[in-house]
Amino acid sequence: MPHKPPTKEELERRKTVGIHEETVTNVSANDFPMNYPGEDHSWDIEAFKRNFRVEFHQNDPFEASFSLVGCDASIANAFRRIMIADIPTLAVETVFINNNTSVIQDEVLAHRLGLIPFKGGREGLHKFLKWWRRPADESQINNSYYDFNTVLLRLDVRCEHNEDAAPGETDPTKLYKHAHVYARDIEFCPVGRQSRYFSGDDVIAPVHPDILIAKLRPGQEISLTMHMHKGVGSDHAKFSPVATASYRLMPVIQIERPILGADAEKFARCFPRGVIGLEPVTKEEASRKGSGYEGHEGELKAVVVDPMRDTVSRECLRHEEFKGKVKLGRRRDHFIFLVESTGQWESDAIFLEAVAHLKKRAQDLEKQVINMVR
Amino acid sequence: MSREEYQVPNTGSGNSPAIGGGSFNAGQRDFSGESGGGVIYYICGDCAVRVPLERDTPIRCQKCGARVLYKERTKRMVQFEAR
Ligand SMILES: [Zn+2]
(Lines give C-alpha, C1' and ligand atoms only; values in the text may rest on other atoms or scores of the structure.)
Protein backbone atom coordinates (compact mmCIF):
# COMPACT_ATOMS: atom_id res chain seq x y z
CA MET A 1 0.00 0.00 0.00
CA PRO A 2 1.52 3.35 -0.99
CA HIS A 3 2.13 5.80 1.79
CA LYS A 4 -0.42 8.58 2.13
CA PRO A 5 1.06 11.88 3.28
CA PRO A 6 -0.56 13.16 6.47
CA THR A 7 -3.38 15.65 6.07
CA LYS A 8 -3.16 19.18 7.42
CA GLU A 9 -5.54 18.23 10.25
CA GLU A 10 -3.41 15.23 11.12
CA LEU A 11 -0.26 17.39 11.26
CA GLU A 12 -2.11 19.85 13.47
CA ARG A 13 -3.30 17.07 15.76
CA ARG A 14 0.22 15.67 16.05
CA LYS A 15 1.66 18.87 17.47
CA THR A 16 -1.19 19.77 19.79
CA VAL A 17 -1.21 18.81 23.44
CA GLY A 18 -4.79 17.94 24.42
CA ILE A 19 -6.17 19.68 27.49
CA HIS A 20 -9.30 18.09 28.92
CA GLU A 21 -11.34 18.52 32.05
CA GLU A 22 -9.18 16.25 34.20
CA THR A 23 -6.35 15.10 31.97
CA VAL A 24 -3.64 16.25 29.62
CA THR A 25 -2.99 14.05 26.59
CA ASN A 26 -0.51 13.72 23.74
CA VAL A 27 2.28 15.39 25.70
CA SER A 28 5.40 13.95 24.07
CA ALA A 29 7.01 15.01 20.84
CA ASN A 30 6.47 12.50 18.05
CA ASP A 31 8.50 13.90 15.16
CA PHE A 32 11.40 11.49 15.37
CA PRO A 33 12.61 8.83 12.91
CA MET A 34 10.74 5.50 12.60
CA ASN A 35 7.70 6.86 14.44
CA TYR A 36 5.41 7.17 11.43
CA PRO A 37 5.78 4.46 8.76
CA GLY A 38 6.87 5.88 5.46
CA GLU A 39 7.73 9.31 6.84
CA ASP A 40 11.24 10.58 7.33
CA HIS A 41 11.49 12.59 10.52
CA SER A 42 15.26 12.57 10.87
CA TRP A 43 16.54 15.97 11.94
CA ASP A 44 17.44 18.17 9.01
CA ILE A 45 18.94 21.64 9.22
CA GLU A 46 17.16 22.77 6.04
CA ALA A 47 13.76 21.62 7.30
CA PHE A 48 14.48 23.35 10.60
CA LYS A 49 15.39 26.57 8.82
CA ARG A 50 12.18 26.40 6.78
CA ASN A 51 9.91 25.91 9.76
CA PHE A 52 11.59 27.87 12.52
CA ARG A 53 10.64 31.47 13.25
CA VAL A 54 10.91 34.06 16.00
CA GLU A 55 8.20 36.62 16.70
CA PHE A 56 8.58 39.50 19.12
CA HIS A 57 5.47 40.56 21.05
CA GLN A 58 7.07 43.09 23.39
CA ASN A 59 10.59 44.43 23.61
CA ASP A 60 11.23 46.84 26.46
CA PRO A 61 14.57 47.29 28.24
CA PHE A 62 13.37 45.44 31.34
CA GLU A 63 10.85 43.08 29.77
CA ALA A 64 10.74 41.17 26.50
CA SER A 65 8.20 38.68 25.24
CA PHE A 66 8.72 36.63 22.11
CA SER A 67 7.79 33.33 20.53
CA LEU A 68 10.05 30.58 19.27
CA VAL A 69 8.00 28.58 16.81
CA GLY A 70 9.11 25.26 15.39
CA CYS A 71 11.74 24.09 17.84
CA ASP A 72 11.93 21.30 20.36
CA ALA A 73 11.30 21.75 24.08
CA SER A 74 14.88 20.72 24.83
CA ILE A 75 16.22 23.72 22.90
CA ALA A 76 13.71 26.18 24.36
CA ASN A 77 14.44 24.89 27.85
CA ALA A 78 18.19 25.15 27.27
CA PHE A 79 17.77 28.84 26.42
CA ARG A 80 15.66 29.40 29.53
CA ARG A 81 18.19 27.71 31.79
CA ILE A 82 21.14 29.53 30.21
CA MET A 83 19.42 32.89 30.69
CA ILE A 84 18.84 32.14 34.37
CA ALA A 85 22.10 30.47 35.29
CA ASP A 86 24.88 31.10 32.75
CA ILE A 87 24.84 34.73 31.61
CA PRO A 88 27.40 36.64 33.69
CA THR A 89 26.63 39.83 35.57
CA LEU A 90 28.46 42.06 38.01
CA ALA A 91 27.33 41.95 41.65
CA VAL A 92 28.63 42.72 45.12
CA GLU A 93 30.62 39.74 46.34
CA THR A 94 32.61 40.87 49.38
CA VAL A 95 31.69 43.46 52.01
CA PHE A 96 34.30 45.00 54.29
CA ILE A 97 32.42 46.48 57.22
CA ASN A 98 34.31 49.13 59.15
CA ASN A 99 31.36 50.13 61.26
CA ASN A 100 27.74 49.11 61.45
CA THR A 101 25.83 50.20 64.51
CA SER A 102 22.43 49.92 62.83
CA VAL A 103 19.90 47.36 64.00
CA ILE A 104 20.51 45.23 60.92
CA GLN A 105 23.18 42.60 61.49
CA ASP A 106 26.41 42.60 59.48
CA GLU A 107 25.62 39.30 57.79
CA VAL A 108 22.13 40.37 56.79
CA LEU A 109 23.37 43.76 55.60
CA ALA A 110 26.04 42.10 53.46
CA HIS A 111 23.46 39.74 51.99
CA ARG A 112 21.11 42.62 51.15
CA LEU A 113 23.92 44.55 49.48
CA GLY A 114 24.74 41.51 47.35
CA LEU A 115 21.21 41.35 45.98
CA ILE A 116 21.10 44.95 44.72
CA PRO A 117 21.20 44.99 40.90
CA PHE A 118 23.69 47.40 39.33
CA LYS A 119 24.00 48.88 35.87
CA GLY A 120 26.95 50.37 34.01
CA GLY A 121 28.53 50.91 30.60
CA ARG A 122 27.87 47.95 28.28
CA GLU A 123 31.37 47.83 26.82
CA GLY A 124 32.97 48.01 30.24
CA LEU A 125 30.70 45.38 31.75
CA HIS A 126 30.79 42.86 28.93
CA LYS A 127 34.22 43.38 27.33
CA PHE A 128 36.56 45.16 29.75
CA LEU A 129 35.61 43.35 32.96
CA LYS A 130 36.91 39.79 33.31
CA TRP A 131 36.42 37.03 35.85
CA TRP A 132 38.04 37.30 39.23
CA ARG A 133 39.56 34.02 40.37
CA ARG A 134 40.45 33.29 43.96
CA PRO A 135 44.22 32.63 43.93
CA ALA A 136 45.27 29.12 44.90
CA ASP A 137 47.62 30.64 47.47
CA GLU A 138 45.34 32.41 49.95
CA SER A 139 48.13 34.83 50.99
CA GLN A 140 48.22 36.21 47.46
CA ILE A 141 44.59 37.33 47.59
CA ASN A 142 45.52 41.01 47.88
CA ASN A 143 47.48 40.77 44.63
CA SER A 144 44.48 39.34 42.78
CA TYR A 145 42.37 42.51 42.60
CA TYR A 146 42.81 44.54 39.43
CA ASP A 147 40.82 47.25 37.69
CA PHE A 148 39.66 44.66 35.13
CA ASN A 149 38.22 42.17 37.64
CA THR A 150 37.12 44.11 40.70
CA VAL A 151 34.86 47.13 41.15
CA LEU A 152 35.13 49.10 44.37
CA LEU A 153 32.07 50.61 46.04
CA ARG A 154 31.73 52.58 49.22
CA LEU A 155 28.84 53.26 51.57
CA ASP A 156 29.28 55.77 54.38
CA VAL A 157 26.15 56.97 56.12
CA ARG A 158 25.67 58.46 59.57
CA CYS A 159 22.32 59.41 61.05
CA GLU A 160 21.99 62.66 63.01
CA HIS A 161 19.22 64.72 64.56
CA ASN A 162 17.79 67.32 62.21
CA GLU A 163 17.94 70.65 64.01
CA ASP A 164 15.56 72.23 61.48
CA ALA A 165 12.77 69.72 62.07
CA ALA A 166 9.43 71.26 63.05
CA PRO A 167 8.50 70.84 66.72
CA GLY A 168 6.27 67.83 67.22
CA GLU A 169 7.48 66.21 64.00
CA THR A 170 7.05 62.43 64.07
CA ASP A 171 8.27 61.39 60.62
CA PRO A 172 11.74 59.87 61.14
CA THR A 173 12.87 60.93 57.68
CA LYS A 174 12.23 64.58 58.60
CA LEU A 175 13.20 64.33 62.27
CA TYR A 176 16.61 62.85 61.46
CA LYS A 177 19.12 63.27 58.70
CA HIS A 178 19.80 60.00 56.83
CA ALA A 179 17.19 57.96 58.70
CA HIS A 180 16.87 55.76 55.61
CA VAL A 181 19.82 54.32 53.72
CA TYR A 182 19.00 53.84 50.05
CA ALA A 183 20.84 52.17 47.20
CA ARG A 184 21.60 55.63 45.76
CA ASP A 185 23.86 56.32 48.78
CA ILE A 186 26.32 53.73 47.42
CA GLU A 187 29.28 55.46 45.84
CA PHE A 188 31.29 54.01 42.96
CA CYS A 189 35.07 54.46 43.29
CA PRO A 190 36.67 54.01 39.87
CA VAL A 191 40.14 52.48 39.83
CA GLY A 192 42.65 52.60 36.97
CA ARG A 193 41.07 52.29 33.52
CA GLN A 194 37.58 52.00 35.00
CA SER A 195 36.97 55.74 34.75
CA ARG A 196 37.34 55.36 30.97
CA TYR A 197 34.55 52.79 30.73
CA PHE A 198 32.31 53.83 33.61
CA SER A 199 31.75 57.58 33.57
CA GLY A 200 28.87 59.88 32.72
CA ASP A 201 25.84 57.82 31.76
CA ASP A 202 27.94 54.65 31.96
CA VAL A 203 28.78 55.02 35.64
CA ILE A 204 28.22 51.94 37.80
CA ALA A 205 25.10 52.65 39.84
CA PRO A 206 22.12 50.78 41.25
CA VAL A 207 19.39 50.13 38.68
CA HIS A 208 16.78 51.20 41.20
CA PRO A 209 18.12 54.05 43.37
CA ASP A 210 15.20 53.76 45.84
CA ILE A 211 15.99 50.30 47.21
CA LEU A 212 15.91 50.60 51.00
CA ILE A 213 19.03 49.05 52.51
CA ALA A 214 18.66 49.91 56.22
CA LYS A 215 17.01 52.32 58.62
CA LEU A 216 19.08 54.32 61.10
CA ARG A 217 18.48 56.36 64.24
CA PRO A 218 20.63 59.26 65.49
CA GLY A 219 24.13 58.14 66.40
CA GLN A 220 23.98 55.03 64.23
CA GLU A 221 26.41 54.61 61.40
CA ILE A 222 27.11 52.34 58.47
CA SER A 223 30.59 52.55 56.99
CA LEU A 224 31.78 49.93 54.57
CA THR A 225 33.50 49.20 51.29
CA MET A 226 32.48 46.53 48.80
CA HIS A 227 34.10 44.51 46.04
CA MET A 228 32.04 43.58 43.01
CA HIS A 229 32.97 40.66 40.79
CA LYS A 230 31.52 38.98 37.76
CA GLY A 231 29.62 35.79 38.39
CA VAL A 232 26.90 33.51 37.04
CA GLY A 233 23.49 32.58 38.36
CA SER A 234 24.46 28.95 38.88
CA ASP A 235 26.85 30.19 41.58
CA HIS A 236 24.39 32.55 43.30
CA ALA A 237 21.01 33.98 42.32
CA LYS A 238 22.33 37.55 42.75
CA PHE A 239 24.34 37.04 39.54
CA SER A 240 21.30 36.03 37.49
CA PRO A 241 20.57 38.71 34.86
CA VAL A 242 16.86 37.91 34.84
CA ALA A 243 14.17 38.33 37.45
CA THR A 244 12.28 35.64 35.57
CA ALA A 245 12.89 33.89 32.29
CA SER A 246 10.08 31.50 31.53
CA TYR A 247 8.12 30.07 28.66
CA ARG A 248 4.66 28.64 28.15
CA LEU A 249 3.14 26.80 25.23
CA MET A 250 0.82 28.61 22.86
CA PRO A 251 -2.81 27.88 23.87
CA VAL A 252 -5.13 26.43 21.23
CA ILE A 253 -8.89 27.00 21.41
CA GLN A 254 -11.00 25.21 18.84
CA ILE A 255 -14.71 25.96 18.68
CA GLU A 256 -16.13 22.77 17.16
CA ARG A 257 -19.80 23.70 17.08
CA PRO A 258 -21.44 27.15 17.11
CA ILE A 259 -21.81 28.97 20.43
CA LEU A 260 -24.49 31.62 20.01
CA GLY A 261 -26.30 34.45 21.81
CA ALA A 262 -26.20 34.47 25.62
CA ASP A 263 -24.07 31.32 25.58
CA ALA A 264 -21.48 33.15 23.52
CA GLU A 265 -21.29 35.95 26.08
CA LYS A 266 -20.93 33.44 28.90
CA PHE A 267 -18.28 31.62 26.87
CA ALA A 268 -16.29 34.84 26.43
CA ARG A 269 -16.42 35.39 30.19
CA CYS A 270 -14.80 31.98 30.74
CA PHE A 271 -11.58 33.38 29.27
CA PRO A 272 -9.37 36.39 30.04
CA ARG A 273 -10.47 39.58 28.32
CA GLY A 274 -9.62 39.74 24.62
CA VAL A 275 -9.31 35.99 24.03
CA ILE A 276 -12.86 35.40 22.75
CA GLY A 277 -14.70 37.93 20.59
CA LEU A 278 -18.36 38.17 19.56
CA GLU A 279 -19.30 38.51 15.89
CA PRO A 280 -22.71 38.48 14.17
CA VAL A 281 -23.52 35.39 12.10
CA THR A 282 -23.31 36.34 8.42
CA LYS A 283 -25.97 35.66 5.82
CA GLU A 284 -23.65 33.27 4.02
CA GLU A 285 -23.09 31.20 7.18
CA ALA A 286 -26.81 31.12 8.02
CA SER A 287 -27.66 29.84 4.55
CA ARG A 288 -25.10 27.03 4.67
CA LYS A 289 -26.75 23.65 5.43
CA GLY A 290 -25.42 21.71 8.42
CA SER A 291 -23.29 24.58 9.71
CA GLY A 292 -25.39 24.97 12.84
CA TYR A 293 -26.01 28.60 12.00
CA GLU A 294 -29.24 28.05 10.07
CA GLY A 295 -31.83 30.62 11.04
CA HIS A 296 -29.45 32.50 13.29
CA GLU A 297 -28.44 35.30 10.95
CA GLY A 298 -27.46 38.46 12.87
CA GLU A 299 -27.09 36.65 16.22
CA LEU A 300 -23.77 36.94 18.02
CA LYS A 301 -21.40 33.97 17.86
CA ALA A 302 -18.23 33.33 19.82
CA VAL A 303 -14.97 33.51 17.85
CA VAL A 304 -11.36 33.04 18.95
CA VAL A 305 -9.58 36.38 18.66
CA ASP A 306 -6.31 36.06 20.57
CA PRO A 307 -5.55 32.62 22.05
CA MET A 308 -2.11 33.81 23.21
CA ARG A 309 -3.69 35.77 26.04
CA ASP A 310 -5.45 32.70 27.42
CA THR A 311 -4.28 31.27 30.72
CA VAL A 312 -5.84 27.85 29.92
CA SER A 313 -7.90 27.85 33.09
CA ARG A 314 -10.26 25.23 31.59
CA GLU A 315 -13.20 27.20 33.01
CA CYS A 316 -15.21 26.64 29.81
CA LEU A 317 -14.97 22.85 30.28
CA ARG A 318 -16.90 23.05 33.56
CA HIS A 319 -20.14 24.22 31.93
CA GLU A 320 -22.75 21.82 30.57
CA GLU A 321 -23.77 24.10 27.67
CA PHE A 322 -20.27 24.01 26.11
CA LYS A 323 -19.87 20.21 26.28
CA GLY A 324 -18.54 18.95 22.96
CA LYS A 325 -18.48 22.42 21.45
CA VAL A 326 -14.93 23.40 22.33
CA LYS A 327 -11.52 21.75 22.36
CA LEU A 328 -8.62 23.17 24.36
CA GLY A 329 -4.97 22.43 23.77
CA ARG A 330 -1.48 23.78 23.51
CA ARG A 331 0.86 23.96 20.53
CA ARG A 332 3.82 21.77 21.45
CA ASP A 333 6.41 23.60 19.34
CA HIS A 334 5.31 27.20 20.02
CA PHE A 335 7.13 28.64 23.04
CA ILE A 336 6.08 32.04 24.34
CA PHE A 337 9.02 33.38 26.32
CA LEU A 338 8.88 36.10 28.92
CA VAL A 339 12.27 37.55 29.87
CA GLU A 340 12.37 40.11 32.64
CA SER A 341 15.77 41.76 33.04
CA THR A 342 17.12 42.94 36.39
CA GLY A 343 18.64 45.93 34.57
CA GLN A 344 22.27 45.12 33.85
CA TRP A 345 21.46 43.70 30.40
CA GLU A 346 18.82 44.70 27.87
CA SER A 347 16.19 41.98 28.08
CA ASP A 348 16.52 41.02 24.39
CA ALA A 349 20.33 41.01 24.65
CA ILE A 350 20.03 38.35 27.37
CA PHE A 351 18.34 36.03 24.91
CA LEU A 352 20.87 36.75 22.14
CA GLU A 353 23.66 36.06 24.63
CA ALA A 354 21.97 32.80 25.58
CA VAL A 355 21.95 31.75 21.92
CA ALA A 356 25.65 32.63 21.59
CA HIS A 357 26.38 30.75 24.80
CA LEU A 358 24.63 27.58 23.65
CA LYS A 359 26.45 27.78 20.33
CA LYS A 360 29.82 28.11 22.04
CA ARG A 361 29.05 25.20 24.35
CA ALA A 362 28.09 23.05 21.36
CA GLN A 363 31.32 23.97 19.56
CA ASP A 364 33.36 23.14 22.67
CA LEU A 365 31.61 19.78 22.89
CA GLU A 366 32.26 19.12 19.21
CA LYS A 367 35.98 19.70 19.75
CA GLN A 368 35.97 17.29 22.68
CA VAL A 369 34.16 14.63 20.72
CA ILE A 370 36.61 14.97 17.82
CA ASN A 371 39.52 14.64 20.26
CA MET A 372 37.89 11.59 21.77
CA VAL A 373 37.47 9.79 18.46
CA ARG A 374 40.99 10.56 17.28
CA MET B 1 40.97 48.07 52.40
CA SER B 2 41.69 44.42 52.76
CA ARG B 3 41.71 42.35 55.88
CA GLU B 4 45.47 41.86 55.85
CA GLU B 5 46.33 45.56 55.56
CA TYR B 6 44.32 46.34 58.64
CA GLN B 7 46.20 47.29 61.80
CA VAL B 8 44.70 45.76 64.90
CA PRO B 9 44.31 48.51 67.51
CA ASN B 10 46.33 47.63 70.60
CA THR B 11 44.83 48.23 74.01
CA GLY B 12 48.16 48.97 75.64
CA SER B 13 50.71 47.34 77.89
CA GLY B 14 48.39 45.10 79.84
CA ASN B 15 49.80 46.36 83.15
CA SER B 16 47.36 47.19 85.88
CA PRO B 17 46.99 50.98 86.04
CA ALA B 18 47.38 52.81 89.31
CA ILE B 19 44.00 53.21 90.90
CA GLY B 20 42.65 56.72 90.56
CA GLY B 21 46.05 57.98 89.59
CA GLY B 22 45.14 58.58 85.98
CA SER B 23 48.53 57.30 84.97
CA PHE B 24 47.19 54.65 82.63
CA ASN B 25 49.37 54.51 79.63
CA ALA B 26 47.27 54.06 76.54
CA GLY B 27 50.28 52.63 74.76
CA GLN B 28 49.90 52.15 71.02
CA ARG B 29 46.15 52.73 70.89
CA ASP B 30 45.38 54.55 67.72
CA PHE B 31 41.96 55.81 68.73
CA SER B 32 42.93 59.28 67.50
CA GLY B 33 43.91 60.74 70.83
CA GLU B 34 40.64 60.26 72.65
CA SER B 35 41.88 57.58 74.97
CA GLY B 36 44.13 59.56 77.25
CA GLY B 37 43.73 59.00 80.99
CA GLY B 38 42.34 55.47 80.85
CA VAL B 39 39.00 56.52 79.48
CA ILE B 40 36.91 53.83 77.84
CA TYR B 41 33.92 54.83 75.76
CA TYR B 42 30.55 53.14 76.01
CA ILE B 43 27.26 53.67 74.23
CA CYS B 44 24.23 54.78 76.20
CA GLY B 45 21.38 52.30 75.89
CA ASP B 46 18.78 55.05 75.95
CA CYS B 47 20.12 58.00 73.98
CA ALA B 48 22.98 56.34 72.04
CA VAL B 49 25.47 59.04 73.07
CA ARG B 50 29.12 58.03 73.57
CA VAL B 51 29.82 57.99 77.30
CA PRO B 52 33.44 58.23 78.50
CA LEU B 53 33.99 56.19 81.64
CA GLU B 54 36.99 56.16 83.91
CA ARG B 55 37.72 53.86 86.78
CA ASP B 56 35.42 54.37 89.77
CA THR B 57 33.05 56.72 87.96
CA PRO B 58 29.46 55.54 88.32
CA ILE B 59 28.13 53.59 85.36
CA ARG B 60 25.70 56.18 84.17
CA CYS B 61 25.05 58.24 81.04
CA GLN B 62 26.16 61.80 81.62
CA LYS B 63 23.53 63.15 79.25
CA CYS B 64 20.33 61.34 80.17
CA GLY B 65 21.19 59.42 83.32
CA ALA B 66 20.45 55.97 81.94
CA ARG B 67 22.28 53.18 83.73
CA VAL B 68 22.48 50.72 80.84
CA LEU B 69 25.64 51.20 78.78
CA TYR B 70 26.87 49.06 75.95
CA LYS B 71 30.35 48.19 74.85
CA GLU B 72 31.39 49.88 71.64
CA ARG B 73 31.57 47.83 68.47
CA THR B 74 35.00 46.59 67.47
CA LYS B 75 37.17 49.08 65.60
CA ARG B 76 38.41 46.27 63.39
CA MET B 77 37.17 45.85 59.88
CA VAL B 78 35.03 42.73 59.52
CA GLN B 79 34.80 40.97 56.19
CA PHE B 80 31.65 39.25 54.90
CA GLU B 81 30.62 37.45 51.76
CA ALA B 82 27.53 39.00 50.25
CA ARG B 83 25.75 35.63 50.03
ZN1 LIG C 1 22.07 58.61 77.58
Side-chain angles (χ1 to χ4, degrees), chain A residues 90-116 118 134 138-145 150 152-155 158-161 176 186 189 213 216-229 231 235-239, chain B residues 1-12 24 26-55 57-83:
Chain A
L90 186 70
V92 171
E93 174 68 351
T94 331
V95 182
F96 306 94
I97 301 185
N98 291 311
N99 197 7
N100 168 30
T101 49
S102 73
V103 290
I104 184 164
Q105 299 90 333
D106 292 6
E107 293 87 342
V108 181
L109 179 67
H111 178 236
R112 287 177 71 78
L113 291 164
L115 293 174
I116 298 170
F118 282 80
R134 184 177 292 279
E138 194 71 16
S139 69
Q140 288 302 302
I141 198 154
N142 287 319
N143 300 324
S144 66
Y145 302 125
T150 306
L152 183 65
L153 302 174
R154 193 181 293 280
L155 177 62
R158 195 180 165 78
C159 182
E160 303 283 358
H161 280 282
Y176 316 124
I186 297 172
C189 311
I213 298 171
L216 302 181
R217 285 298 174 266
Q220 296 183 348
E221 182 188 16
I222 289 177
S223 167
L224 50 86
T225 55
M226 294 176 263
H227 280 177
M228 301 177 90
H229 296 301
D235 178 32
H236 193 288
K238 68 185 175 185
F239 291 119
Chain B
M1 189 184 329
S2 76
R3 201 183 174 91
E4 278 67 30
E5 290 167 38
Y6 205 82
Q7 286 295 310
V8 180
N10 197 319
T11 347
F24 179 58
Q28 301 93 45
R29 285 183 67 161
D30 55 3
F31 287 13
S32 59
E34 65 183 18
S35 54
V39 178
I40 307 284
Y41 281 85
Y42 292 86
I43 306 288
C44 171
D46 273 13
C47 68
V49 81
R50 288 183 83 213
V51 184
L53 278 194
E54 275 177 75
R55 278 200 163 230
T57 55
I59 299 170
R60 190 147 201 211
C61 171
Q62 279 122 20
K63 196 177 158 202
C64 72
R67 292 186 185 276
V68 177
L69 303 181
Y70 291 101
K71 209 167 177 286
E72 276 197 313
R73 188 199 153 97
T74 175
K75 293 281 189 291
R76 297 174 67 168
M77 183 274 291
V78 199
Q79 178 178 345
F80 290 93
E81 279 192 329
R83 275 163 192 264

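Given the structure is predicted, the values throughout are model-derived calculations rather than measurements. A, B, ... follow the sequence lines: proteins, then strands. Residue 1 opens every chain.
Each of A:Lys238, A:Gln220, A:Arg217 has some count of heavy-atom pairs under 4.5 Å with chain B, and the biggest count is that of A:Lys238. Highest contact tally toward chain B, considering only A:Val92, A:Leu224, A:Thr94, A:Val95, is held by A:Val95 [criterion: heavy-atom pairs under 4.5 Å].
The ring pair (Phe, Tyr, Trp, His ring centres under 6.0 Å) check on A:His236 picks up nothing, with sequence neighbours excluded.
Distance check, rounded to the nearest 0.5 Å: CG of A:Asn98 to CZ of B:Arg76 gives 12.5 Å.
Minimum interatomic distance between B:Ala82 and A:Gly114 (heavy atoms only, all atoms of both residues): CB-CA, 3.7 Å. B:Ala48 and A:Pro218 make their closest contact through CB-O, 3.9 Å (heavy atoms, listed as atom of the first residue, atom of the second, distance).
Among residues at least two apart or in separate chains, side-chain hydrogen bond (donor to acceptor under 3.5 Å, both in side chains) pairs with a member in residues 105-114 of chain A are A:Asn100-A:Asp106, A:Asp106-B:Arg73.
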Assess the residue pair A:Glu221 and B:Arg50 against the criterion (salt bridge (Lys or Arg N to Asp or Glu O under 4.0 Å)); give the C-alpha distance rounded to whole Å, side-chain angles, the decisive distance to 0.1 Å, and a yes or no.
CA-CA 13 Å; A:Glu221 182 188 16; B:Arg50 288 183 83 213; over 6 Å; no
